[in-house]
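A quick write-up on the structure given underneath.
Protein chains get the first letters and strands the later ones, always in sequence-line order, with residue 1 at the start of each.
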There are 2 protein chains.
Amino acid sequence: MRRTTSLDVARRAGVSQSAVSRTFTPGASVSAETRAKVLEAADALGYRPNKIARSLITQRSGIVGIVVAYLDNLYYPNVLEKLSRELQENGFHALMFFTHQSSDKMDIVLGELLEYQVDGLIIVSAGLSSDLAARCAASGIPIILFNRTLDDETLSSVSSDNVDGGEKVARFLLRCGHERIAYLAGWPGSSTDRDRRLGFTRVLSENGRGLYRDDVGHYNREEACAATRRLFAAPPFPDALFCANDHMAVAALDVLRHELGLSVPQDVAVVGYDDAPMAAWPSYALTTVTQPPDAMVPEAVRILLENIDASASRPRQVKFIGELVQRKTTRPCL
Amino acid sequence: MRRTTSLDVARRAGVSQSAVSRTFTPGASVSAETRAKVLEAADALGYRPNKIARSLITQRSGIVGIVVAYLDNLYYPNVLEKLSRELQENGFHALMFFTHQSSDKMDIVLGELLEYQVDGLIIVSAGLSSDLAARCAASGIPIILFNRTLDDETLSSVSSDNVDGGEKVARFLLRCGHERIAYLAGWPGSSTDRDRRLGFTRVLSENGRGLYRDDVGHYNREEACAATRRLFAAPPFPDALFCANDHMAVAALDVLRHELGLSVPQDVAVVGYDDAPMAAWPSYALTTVTQPPDAMVPEAVRILLENIDASASRPRQVKFIGELVQRKTTRPCL
DNA sequence: CTGAAAGCGCTTACAG
DNA sequence: CTGAAAGCGCTTACAG
């Protein structure tokens, strides 16, 4: 079954193919009469302009690639949906590319991306070697890192101020009088983990403290559960646990309460990061630091589209300040 | 900055443009020597074939549209990730289209989809009027409904047997000796809600029972919370509650335990549907019916790709049987 | 195996 | 405002 093309419409409407093209090009000059004839014929034939063909000549595909490593951290589905909808409202669409945490596969993914002639790229929740980042920047296609940053600032990014967030948690825990403070790390290579830890331990040491215990969960539920067991293997137990994200904090909470029989916050205080949806669910009521997607997503899309329009502009790093929201996994304190 | 094209590569390699095209077309005939020259030149120039241009002539975009209404039900991010990865492994990619539960926006979405010349369509978690379904079928593009079915069978679908699932839950609850059984409905227009309820109430009435109480949550957390409050507004309370999906069951659990101070399963048994990730988390340990995405996703993709290859084949409905998995929101019973 | 050429379905100067 | 024509970057018969 042949697709109906602009030529079919032109013939039926008794006009040139150019006229058809023009009536479907916003801002092109067509007389009301011609437009009406075209529209009628198009309607009768069920014609729709072929975006693919159009993109070949306009050099604009209207497609933005979104690279994601995983979706099991509840924070990300939310971000993904918002990004997609925001893109849609601006006439773009998201082409999904799933990769893995380790950046071995990123090469392949990136190659495929470029083949699709995407207009831009949003990299979410995925590690990116600086080597790869450099190649991306060199490719000339506008890229924005969401919730990740790069030390050398070769790429634009939108994230929250993770150092500040880590500091806030440390100050809060200290104020609550905690003594044996532990850290459950995320993916050690990620900027998020590094910065949250940095802010956290800096405030601790400014107050003459260090991490009482320290383990790694790689932002993964199973590993976070295992790490929690190790962290609480021998007394004296930590009396506060800062988890590098909510997804792990929830896992830790489950282990603490249901396996180890500890009470939160009486025996241990638990703090997460992200303010993912389930953090607000009463069963968890997790104290955490927000990374407001309602502000971050539109900003990320704005910057990206700006770069697509004027690809000359230089990389920009935008950081949002998160807030500590106290719920019930920590004792009330000012 | 002009993109580097096959012609650039041809010039540098000293061969024809066709030769370049051939070395990037699997199965085309090129001598080893020519191929080597081309590959070298391509590498030097950072050339990648333009899939968009290719698709214009091959009539294959390699893009499959995925239509989703929302991602806050945790079952879906999981499905989406699996669908995407499965597609990727088969050389396709997913273009996301977010719509809304109500099918008003589906028209627009569908139009955009067709403009992108997607090779196929997967509709997940979204309502589709039979009118729209007919138009889809008429468009000639292969479509598969995931987790939804259509009465008139004009479209292929992969789902679980929701009638059977509803029956299983009813039999189980009856066996456990429950007397006042309530149903928390999802989206009334959806096939999932209709079938789960159908199987559920059928077994109930076969045993001389009816629904003790009945309310609607529209598969939405807030509404499910409100519905739960209504269901438990006055004694005697229901002693069992079947929720049309896990997302609402978890909401109900939160209200029951944390607002109403009821014990689950002592005061009320709660059963969900989906076996979404959080159903297995110890804080919920929800008894539920599985809809195995590990089996359903590959099958959905298989059928779709089959239809893309031989677009003549007629619509097919595949149903998977789910299992009731007993966890801790119901009393142990055989 | 290889190259010249037509064509996929559009947009966009260029004349009129 | 309108049409004929060139061209976006490929693939693919067609000859050789």
Taking the side chain of [X] as its heavy atoms from C-beta onward, which of [options] lies nearest to it?
X     : options               : value
B:A19 : C:dG3, D:dC10, C:dC1  : C:dG3
B:T58 : D:dG3, C:dT2, D:dT12  : D:dT12
A:Q59 : D:dC8, D:dA4, C:dG3   : D:dC8
B:T5  : D:dT11, D:dC10, D:dA4 : D:dC10
A:Y47 : D:dG9, C:dC10, C:dT12 : C:dC10
B:I57 : D:dG9, D:dG3, D:dT11  : D:dT11
A:R22 : D:dT11, C:dG3, C:dC14 : C:dC14
A:S6  : C:dC10, D:dG9, C:dT11 : C:dC10
B:S16 : C:dC10, D:dC1, C:dG3  : C:dG3
A:T25 : D:dA4, C:dG9, C:dT12  : C:dT12

Euclidean distance, atom [atom1] of residue [X] to atom [atom2] of [N] [Å, nearest integer]:
X     : N      : atom1 : atom2 : result
A:R11 : C:dG9  : CZ    : P     : 11 Å
B:E33 : C:dG3  : CD    : P     : 11 Å
B:R54 : D:dT12 : CZ    : C1'   : 12 Å
A:L56 : D:dG7  : CG    : P     : 14 Å
B:K51 : D:dT11 : NZ    : P     : 11 Å
A:L7  : C:dG9  : CG    : C1'   : 9 Å
A:N50 : C:dG9  : CG    : C1'   : 6 Å
A:I52 : D:dT11 : CD1   : P     : 14 Å

Using a cut-off of less than 4.0 Å, is there contact between a side-chain N or O of A:T34 and OP1 or OP2 of D:dT2?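 Yes, within the criterion.
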Taking only side-chain N and O atoms of B:S31, does any of them lie within less than 4.0 angstrom of OP1 or OP2 on C:dT2?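 So the side-chain polar atoms of B:S31 do come within 4.0 Å of the phosphate oxygens OP1 or OP2 of C:dT2, strictly under.
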Answer yes or no: is there an ion pair linking A:R12 with A:D43, defined by an N-O contact shorter than 4.0 Å?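 No salt bridge links A:R12 with A:D43.
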Residue matched to C:dC1 through Watson-Crick or wobble contacts both under 3.5 angstrom: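 Because both required distances fall under 3.5 Å, C:dC1 counts as paired with D:dG16.
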Main-chain N/O of A:V20 paired with A:S6 side-chain donor or acceptor, under 3.5 Å: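 Here the side-chain-to-backbone pair does not exist.
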Short question: side chain of A:S84, backbone of A:A94 - any donor-acceptor pair under 3.5 Å?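 No.
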Report which part of the nucleic acid A:S55 touches: base, sugar-phosphate, or nothing (heavy-atom distance under 4.0 Å, all strands).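 Nothing: the residue A:S55, judged by heavy atoms under 4.0 Å, touches no strand.
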Categorize B:S29 for me: base, sugar-phosphate, or nothing, with a 4.0 angstrom heavy-atom threshold over every strand shown.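 Base, at least one base atom sits under 4.0 Å.
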Does A:V30 or B:Q17 map to a spot on DNA chain D nearer the 5' end, using the closest nucleotide for each?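 Mapping each residue to its closest nucleotide by heavy atoms, the 5'-most match is A:V30.
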Mind checking whether B:H93 and A:F97 have parallel, tilted or perpendicular rings, split at 30° and 60°?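 Tilted.
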With distance as the sole criterion, is a donor-acceptor pair present between the side chains of B:N220 and B:Y70 under 3.5 Å?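 Result is no, nothing qualifies.
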Side-chain contact, heavy-atom cut-off 4.5 Å: A:M96 with A:L80?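 A:M96 reaches A:L80 side chain to side chain.
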